[in-house]
Amino acid sequence: MNLSDLDHRITGCRACPRLVAWREEVARTKRAAFADWTYWGRPVPGFGPADASLLIIGLAPAAHGANRTGRMFTGDRSGDVLYEALYDIGLASQPTAVSADDGLELYGVRITSPVRCAPPANKPTPEERDTCRSWLVEELTLLRPTLRTVVVLGAFGWQAALPAFAAAGWQVPRPRPAFGHGARVSLDGLDLFGCFHVSQRNTFTGKLTPAMLRDVLRTAAGAAGLPTTP
């Protein structure tokens with residue numbers, strides 16, 4: 001199996017009844033600003049090359065972002081912040097992400113999340129997080145030959161990712177390392193970085209600034225051997 005096969009399987013998942021009902025209801029009712037859109041309304045696969053050396057792990061698709069467009073962090077303000085930062089340091093072909101067919105390319109970077117369906121109030125339950133983990137475990141396993149660094153956005157993603165790394169065969173320290181912005185943990189030669197999530201709550205209040213985000217991404221890219229712009 002390859003990543004394309006995995007991505008296809010992910011889009012057909014219906015394992016969590018609450019999430020299935022919510023994502024499909026949002027796709028039917030829509031937001032007025034996107035009334036002319038045909039929403040994706042399904043689980044969202046990862047985005048980026050299969051030989052990525054840097055992986056970015058978020059939380060879950062946004063109801064009117066990736067749940068609408070079908071691509072990670074595409075079509076919402078969190079994605080605007082993330083892709084602009086990746087573009088600024090030379091890891092994305094353009095600074096904006098508006099639709100799955102907008103021509104955006106990532107260089108050496110893949111973006112994924114531990115929960116693949118948009119959850120009500122952006123809050124998956126622990127059970128939904130754990131049910132979805134097997135997809136991330138498979139993705140990590142397929143990426144392992146080239147993967148060198150991982151940036152995890154937010155404490156939820158950090159707590160969800162560590163068991164997935166363990167299940168995929170990496171040695172995770174005990175006790176499990178705590179999340180923090182700028183945290184760096186070594187897992188069998190894989191460098192794991194913590195970064196505040198690119199949510200509007202964090203970016204609007206200045207808890208996470210564009211410079212802070214670029215610094216973490218640039219450091220992680222350097223550890224992965226990816227060239228970046230100054």
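Note that the structure is predicted; figures quoted are calculated from it, not measured.
A salt bridge is absent between Lys30 and Asp36; no separation between the charged side-chain nitrogens and carboxylate oxygens falls under 4.0 Å.
With side-chain heavy atoms closer than 4.5 Å counting as contact, directly or through intermediates, Tyr107 stands alone and belongs to no larger hydrophobic cluster. Side-chain heavy-atom separations under 4.5 angstrom define the hydrophobic clusters, and the remaining members of the one that includes Phe34 are Trp22, Val26, Trp37, Tyr39. Residue Phe156 is found in a hydrophobic cluster whose other members, listed by chain and number, are Leu19, Leu59, Val115; membership requires side-chain heavy atoms under 4.5 Å apart, directly or through intermediates. Val20 belongs to no multi-residue hydrophobic cluster, having no ILVMFWY side-chain contact under 4.5 Å with any other such residue.
In this structure, the side-chain hydrogen bond (donor to acceptor under 3.5 Å, both in side chains) partners of Arg9, at least two apart in sequence or on a different chain, are Glu138. When the ring-ring contact (aromatic ring centres under 6.0 Å, His included) test is applied to Trp135, no partner is found at least two apart in sequence or on another chain.
Within the 3.5 Å criterion, the main-chain N or O of Ser113 finds a donor-acceptor partner in the side chain of Arg116. Side chain of Thr228 to backbone of Gly90: no donor-acceptor contact under 3.5 angstrom is found. Between the side chain of Asp102 and the backbone N or O of Val98, at least one donor-acceptor pair lies under 3.5 Å. Distance alone, capped at 3.5 Å, places no donor-acceptor pair between the Asp7 side chain and the Pro45 backbone.
The neighbour count for Gln200 CD, taken as heavy atoms of other residues, nucleotides or ligands under 6.0 Å away, is above 12.
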